[in-house]
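The structure follows.
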Amino acid sequence: MSEEILKVDGVRLNFYTYEGVVQALDGVELNLRKGETLGVVGETGCGKSVSGLSILNLIPPPGRIEGGRVLFERRGRELELLTEREAIMRKVRGRDISMVFQDPRSALNPVYTAGNQIVEVLLHHRAVDLIQRVIEQLDRRIADSKETESEKAVKGGKKTAKKGAGFLTKFYRNSLQRLLDNPKSRRMKIVRRIPILNGYRKMVKKEAKKEAVEILRIMRIPDPERVVDMYPHELSGGMAQRVVIAMGLACNPEILIADEPTTNLDVTVQLQILQLIKELKEHFSSSIIYITHDMGVVAELCDRVAVMYAGTVVEISEVVELFRNPLHPYTRALLESIPRPGHPFKSIEGTVPSLINPPKGCRFNDRCPYAMEVCHTVKPKIVEVKKDHFVECFLHE
Ligand code: SF4
């Protein structure tokens with residue numbers, strides 16, 4: 001996959017409802033390159049969010065992915081995410097690819113503090129890293145205590161200020177090492193149940209909380225030591241969104257799927273979050289799929305953009321090229337409908353078709369001023385018209 005890190009290849013998704021089969025995705029084609037931000041734009045209900053969920057194979061019933069592939073390059077190995085075992089997918093979700101959902105209030109659990117929710121992600125995906133850090137701390141404590149012991153010996157047994165590492169410190173250190181060597185150790189399962197002996201777990205949690213504070217600081221949340229212990233209802237909209245982004249980035253994923261993370265925020269906070277996402281992309285070197293219906297956000301944030309209509313990607317190109325030279329009639333209409341001061345307000349004629357009975361051929365045919373006979377019978381193929389500029393329309397085939 002050259003510099004591509006993710007490829008969505010012809011994904012088809014149906015929802016089996018009482019009203020009929022909703023053909024939500026009709027052969028979606030997308031690719032994401034290392035380190036880029038790919039915008040996915042389109043009207044409400046065009047399949048942007050379900051495309052993100054399909055990548056993670058998280059489509060809830062009655063939805064069913066009926067075809068296509070999602071290829072992901074994971075540490076030099078290519079995975080097909082739609083057919084991969086659930087155990088592997090649980091590692092991929094959050095650790096390699098994570099998703100930030102639209103509404104922070106519903107994404108956060110109201111009965112846990114912000115810190116607890118970040119800690120949970122860290123303990124699930126970065127336990128080894130945290131355990132190693134605690135082992136290093138305990139090693140330092142043990143080494144210090146040895147020094148103190150020898151100082152004591154030199155001073156003729158006189159008591160010194162430093163307290164030596166006791167039995168428990170050494171026991172915790174060895175327990176953590178045993179956990180690293182064999183996480184399923186029987187002995188450790190027993191030790192875990194004995195309160196006095198399982199203090200090492202508290203130490204790992206404490207380390208995870210420290211890391212959570214650090215992540216909140218990177219998110220530019222003021223006073224992160226206080227916010228880490230706050231419940232979601234105590235946070236403002238902007239802060240809650242930052243916490244959700246923090247959870248998404250806690251494990252330094254290779255890909256972040258951000259599903260309209262600024263939709264419910266006012267413009268000033270929206271700008272701050274966009275700025276933050278830009279900086280975080282550099283800091284964590286992640287690739288981002290940014291789902292939005294706002295062309296302004298695309299222009300501000302993205303390197304390339306994919307335009308979706310009624311469950312298909314109709315055009316994909318670099319952002320500047322798309323704004324200068326939109327090829328698909330839907331993209332042109334979408335750009336023309338951006339409100340401009342002094343210009344009459346324009347909207348796209350007609351309505352989005354029902355996906356239970358979508359139009360045959362090109363799904364845009366009943367709203368397209370250029371529709372030809374063939375558009376009503378045959379689905380156009382996506383073709384590369386210029387370098388890196390793909391479009392799905394008979395006008396350019
Ligand atoms: Fe219009 Fe036909 Fe192109 Fe569809 S394929 S956008 S209907 S011209």
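Start at 1 and go down the list; that is how both ligands and their atoms are numbered.
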* To do: Give the total of protein N/O/S atoms at a distance below 2.8 Å from atom 1 (Fe) of ligand 1.
  =>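 Number of qualifying protein atoms: 1.
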* **Sidechain N-carboxylate O distance under 4.0 Å for Lys7, Glu73** =>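 Answer for the salt bridge query: no.
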* Side chain proximity check, Lys379 to Thr312, heavy atoms < 4.5 angstrom ->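 Side-chain contact under 4.5 Å: yes.
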* Glu43 side chain near His293 side chain, heavy-atom distance below 4.5 Å -> no
* Between Tyr309 and Tyr330, how do the two ring planes meet: parallel, tilted or perpendicular, split at 30° and 60°? -> tilted
* Asked: Is there a donor-acceptor pair under 3.5 Å between the side chain of Glu66 and the backbone N or O of Asn14?
  -> no
* Pick out which of Glu315, Glu318, His396 makes a side chain to side chain donor-acceptor pair (under 3.5 Å) with His389. =>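 Only one option passes, and that is Glu315.
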